[in-house]
Each structure stands twice: as structure tokens, then as C-alpha cells.
Number of protein chains: 2
Amino acid sequence: MLYCQGESSPLSGDNESMKIHPRKVYSPKRPAVPALDQGKIVRAALTLLDEVGFDGLTMRNLGKKLGIKAASLYWHVHGKGELLSLLSDEICAPMRVPDRTLPWREQLEALGNEYRRVLLARRDAARVLAGSRASFGPHRLRLTEIVLRTLLDAGFDNRDAAYAGFLLNDYVMMFVSGETQDVNAEIEDGADESFSNVQNWVEVLSPHDHPSLLALADYLSEPDVDERFRFGVEILADGLEVRLKTRNAGR
Amino acid sequence: MLYCQGESSPLSGDNESMKIHPRKVYSPKRPAVPALDQGKIVRAALTLLDEVGFDGLTMRNLGKKLGIKAASLYWHVHGKGELLSLLSDEICAPMRVPDRTLPWREQLEALGNEYRRVLLARRDAARVLAGSRASFGPHRLRLTEIVLRTLLDAGFDNRDAAYAGFLLNDYVMMFVSGETQDVNAEIEDGADESFSNVQNWVEVLSPHDHPSLLALADYLSEPDVDERFRFGVEILADGLEVRLKTRNAGR
DNA sequence: ACCTGAACACCGTTCAAGT
DNA sequence: ACCTGAACACCGTTCAAGT
């Protein structure tokens with residue numbers, strides 16, 4: 001098996017520990033267990049995200065989904081920013097980790113593939129991650145720790161390992177952002193005004209000004225995204241390998 | 001000189017051609033020359049962007065800046081989406097192009113540097129580009145044409161050239177997005193709750209769970225962004241060079 | 001043809017007030 | 001402690017009406 005499962009998030013479980021004694025001796029007018037908690041909010045936000053996408057993920061819609069007023073959310077969460085950070089971390093929770101005994105190159109490629117898989121699993125995940133602040137949730141910390149460890153084990157020095165970690169992270173994020181962005185959203189309009197369409201795109205461009213663009217049109221219209229992703233990972237890995245070799249030859 | 005200046009945008013000039021005869025024989029109650037046009041809107045939007053940033057760039061603020069009602073904008077522009085696309089292209093207008101006689105590697109590096117320079121020149125430029133649709137404005141077409149031409153001239157086949165073009169574009173975009181994002185926005189609060197601060201960041205992490213993260217803390221807090229950018233470009237170029245050599249050796 | 005007034009259907013966030 | 005009502009200060013966009 002290529003991957004090892006990371007420890008499962010507390011959110012993934014049913015959080016039964018809080019429900020062992022649902023009604024205590026307290027005055028039962030108000031339930032001792034509050035209706036809302038951060039876990040419930042995050043879980044509801046995730047399913048809402050899958051249903052309506054990033055633009056539909058609003059505090060008000062989330063309140064509606066939970067059957068409460070949007071204002072109530074602010075008791076458990078500082079604001080939408082914090083919610084997005086929590087979501088970012090939760091989205092990365094199912095991230096599996098490659099076998100440590102594999103060569104560093106394969107580990108790195110596996111990490112890239114897994115990261116992409118996890119981001120594609122949830123709707124608009126890349127936008128959520130991009131919209132949230134720096135990543136200090138436990139799952140993302142675990143992830144970057146493993147990336148950096150892999151690079152250090154491979155023989156990179158501190159500086160190169162840190163930068164390479166950024167690079168891999170940035171590449172996957174950007175790639176998924178790009179492939180997720182709906183360029184195909186203007187097909188509903190029957191109007192022939194679909195300018196940015198890839199269909200007539202080629203016919204509009206002048207072969208005098210844009211010969212290369214036209215020559216490469218087949219590949220610019222994204223016939224095989226997976227292939228393009230693999231290409232990028234390979235370039236990165238090759239580049240890093242060069243770096244590693246010249247470094248070691250130098251000393 | 002390393003760069004050649006691209007043809008200047010019509011927006012950069014004063015658009016005097018429209019003002020030669022400001023008052024025609026028409027009934028002068030309403031000016032024959034309309035108060036608004038797309039060029040004026042885009043130019044005003046750019047200066048507004050520099051003043052208030054991406055979040056402040058709203059249709060209503062833009063209308064205020066132009067001394068008109070926001071609704072009037074929709075006569076000249078389909079919506080905010082189109083405005084962002086126009087801005088994207090205009091932001092890329094000052095992009096200079098490297099000398100074609102240089103080796104492809106240096107041309108590529110120069111293109112990366114120039115692209116970053118242009119994006120850093122305007123406030124929140126990366127967010128504008130990311131927020132807008134696929135890039136089919138004249139300036140961005142010119143830019144990608146040159147990138148692809150450089151790669152084709154270097155000897156890459158169509159597929160690799162196309163993918164490598166994506167890769168370079170994505171890298172620079174993502175890098176600038178990252179370095180532009182204000183992680184330093186929480187300093188105003190005197191509260192010791194600044195969790196995502198890089199200051200106490202190191203003290204909070206357990207050395208048992210995150211040894212690599214702690215070991216690389218110096219470089220993760222971005223001491224030298226320029227250096228990190230150069231690192232990434234170098235890795236990409238090295239990776240592409242490997243690709244090119246193995247391809248040519250294979251046939 | 002070009003611009004305005006006025007509205008529609010939303011946002012995130014705050015805060016006194018309830019229980 | 002936890003949730004609601006009601007407001008504040010915004011958004012993008014539409015569209016009949018003015019000139």
C-alpha cells in the first residue's frame with residue numbers, strides 16, 4: 001500500500017463523547033448541551049460548500065442550514081475568516097501520507113498527487129484555501145511537516161528544503177485553482193457573443209501576430225489535465241534533483 | 001539593454017484623438033462626447049485599485065470616483081467580471097519582452113522576473129488576475145505568445161511548450177499572490193491572541209511532532225522573498241532543461 | 001445614446017436584549 | 001452562557017424613466 005492513513009479528525013467521528021449524558025441535572029429548560037459548537041458549524045459549512053459552492057457559502061446561508069440566525073455563529077467563530085481557516089484545515093484532513101521508505105522523488109510525487117486529490121474532493125476547495133490565512137491548523141501542519149521532512153531526508157539543506165516545500169505547495173494549489181475555475185460557464189447563453197470561448201478562439205486570432213499560440217491551440221484547450229499535472233510535477237522533481245546533485249558535488 | 005518595450009497601450013496615452021473636436025455642430029445641450037467611456041473607466045479603476053486595494057474596488061466606489069452613479073457603468077461594461085478582465089489586461093500592458101537573441105533559459109528567467117515586476121507594480125494585481133476569467137486581452141495574448149515562441153525556439157515540442165508555458169505563468173502568479181497576501185495584518189490588535197503570528201509560532205509547536213518545521217523556521221518566515229523567487233525559477237528552468245535534453249537524446 | 005433614481009436581493013458584522 | 005432581533009453599512013445588478 002502506497003499511503004498510510006493519517007489520524008482521523010475528531011470532526012469525522014460523531015463526537016459521541018459529548019453526548020454520553022445529554023441531559024444533566026441542570027434545569028432542563030435550556031439544554032445543557034448547546035445546540036451549536038464549532039465542530040457542528042464546520043461540518044455544516046463543508047456540506048453547504050459542496051452543495052452551493054464557495055460563492056453560496058455565506059454566514060446567512062450557513063445559519064439557515066443550521067436552523068439558527070446568522071448572528072449566532074459569531075459566538076462560536078470570530079468571523080468568516082476564521083471559519084475559512086477551519087474549513088481549510090478540515091479539507092486537508094483526509095490527506096494520506098506516502099510510505100517513508102520510498103525514494104524521496106516518489107514520496108514527493110505521491111504527496112503532490114494526494115494534495116491534488118484532496119483538493120478536488122471538495123467543491124471549490126482551492127478557493128477556500130486561497131481565501132484563508134496562513135495555514136496553522138493541525139492537519140496542514142502535519143502535511144507540511146512531512147513534506148519538509150522528506151526533503152531534509154533527501155539531503156536538501158534547510159534553505160532549499162523550505163523553498164522547495166513552498167514550491168510544491170504553490171504548484172498544486174495553483175494547478176487545482178486553474179482546473180477548477182469554470183471557463184465553461186458561458187455555454188448557457190445561446191448568444192454568439194461567447195468571446196472567451198475556446199471554440200472560436202482559434203478563428204479570431206491572427207496567424208501573423210500569434211503563430212505559436214495557434215500552433216499550440218490543441219494543448220492550450222486542456223485536453224488532458226492529469227497529463228499536464230504530471231508534467232509539472234516531473235519538471236519540479238527534475239529541477240530539484242539537479243539542485244541536489246550539484247549541491248552534493250560541490251562539497 | 002535586456003528588454004524591448006512592447007507597443008504602448010492606447011490607455012496609456014491621453015486618447016487625444018477623441019478630443020480633437022470636443023464640441024461638434026450637434027445641439028450642445030448634451031455634450032456630443034459622452035462623459036464616460038471604457039478607457040476612462042479602466043483608468044479610474046486602476047488608480048482606485050492602487051488607492052483602496054481589491055476589496056475597495058467596487059462598482060459603487062468607482063462610480064463615486066468618476067462622479068457618476070454606479071448604474072451608469074453598466075452601459076459601458078457588462079459587469080464587474082468584464083471590468084476585472086479589462087484591468088487584468090491593462091495591468092500586463094507595461095510588460096517588457098526580453099531580447100530574442102538570448103539563450104532560451106535567460107529569456108525565460110527574464111520573462112518570469114518581468115511578470116513578477118509588473119504584478120508587484122499595481123496593488124493587489126495578482127488578485128485581480130486571479131479573479132478574472134481566462135486571459136484573452138491583447139497584452140496577455142502578446143505575453144503568452146512570446147513565452148510559447150521562446151519555448152518552441154528552444155526545441156520543445158508542442159505539448160511540452162504548452163505545458164511549460166502554463167507552468168511558468170502559474171508559478172509567477174502564485175508566488176506573487178503569496179507574497180502579496182498580508183499576513184502582517186493582525187499586528188494592530190494589541191491582544192496576545194495573535195495566533196497565526198510568526199513570532200510565537202515557533203514557541204507553540206511541539207518539537208516532537210514538528211521537528212522539521214521548527215528546524216526550518218528561519219526560512220519559512222520569508223526572510224528574503226527575492227531569493228525564494230529566484231530559487232523557484234531556477235528549479236523550473238533546470239527541470240525544463242532536463243526535459244529538453246532527454247527528449248533530444250531520445251530521437 | 002447615455003445617464004439617473006430607485007429598487008431588488010443580497011452580503012458580513014455588531015450589539016442590546018432576551019432566556 | 002448562548003442565542004435572537006434588529007439594525008448598520010455595505011455589495012452587484014436591473015430597469016423604467018429621464019434627457
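All of these numbers come straight from a predicted model, not from anything done at the bench. Naming convention: chains lettered A, B, ... in sequence-line order (proteins, then strands); numbering from 1 in each chain.
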Taking [atom1] from [X] and [atom2] from [N], how many angstroms apart are they, rounded to a whole number?
X       : N      : atom1 : atom2 : answer
A/Lys64 : C/dA9  : NZ    : P     : 13 Å
A/Leu62 : C/dC11 : CG    : C1'   : 14 Å
A/Lys69 : C/dT19 : NZ    : P     : 16 Å
A/Phe54 : C/dG12 : CZ    : P     : 10 Å
A/Glu82 : C/dT13 : CD    : C1'   : 14 Å
A/Ile41 : C/dG12 : CD1   : P     : 14 Å
B/Leu83 : D/dT13 : CG    : P     : 10 Å
B/Leu73 : C/dT4  : CG    : P     : 10 Å

Taking B/Asp55's backbone N and O only, do any of them form a donor-acceptor pair with B/Arg127's side chain (distance below 3.5 Å, no angle check)?
no
Now, which nucleotide makes the Watson-Crick or G-U wobble pair with D/dA1, with each of the two distances under 3.5 Å?
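Across all strands, the one nucleotide that pairs with D/dA1 is C/dT19.
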With both distances under 3.5 Å as the test, what is the Watson-Crick or G-U wobble partner of D/dC8?
C/dG12
Kindly point out which of [options] is positioned nearest to the side chain of [X]?
X       : options                : result
A/Tyr74 : D/dT13, C/dC15, C/dG12 : C/dG12
A/Ala71 : C/dG12, D/dG5, C/dT4   : D/dG5
B/Leu36 : D/dT14, C/dC15, C/dC3  : C/dC3
B/Trp75 : C/dA1, C/dG5, D/dT13   : C/dA1

I want to confirm an ordering. Mapping A/Arg60 and A/Ser72 to their closest nucleotides on DNA chain C, which one lands closer to the 5' end?
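Of the two residues, A/Arg60 wins.
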C/dA9 and D/dC10: how far apart are their P atoms, nearest whole angstrom?
22 Å
State whether A/Asn61 places a side-chain N or O below 4.0 Å from either non-bridging phosphate oxygen (OP1 or OP2) of C/dC11.
yes
Does a nitrogen or oxygen in the side chain of B/His76 sit under 4.0 Å from OP1 or OP2 of C/dA1?
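The answer is no; no side-chain N or O of B/His76 sits under 4.0 Å from OP1 or OP2.
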Heavy-atom side-chain proximity of [X] to [Y] below 4.5 angstrom:
X        : Y        : result
B/Leu83  : B/Met59  : yes
B/Tyr115 : B/Asn169 : yes
B/Glu51  : B/Leu48  : yes

Once you apply a heavy-atom cut-off of 4.0 Å, does A/Thr58 come out as touching a base, just sugar-phosphate, or nothing?
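Sugar-phosphate contact only - A/Thr58 comes under 4.0 Å of backbone atoms but never of a base.
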With heavy atoms under 4.0 Å as the rule, sort A/Asp55 into base, sugar-phosphate or nothing.
nothing
In this structure, is the centre-to-centre distance between the rings of B/Phe229 and A/Tyr163 below 6.0 Å?
no
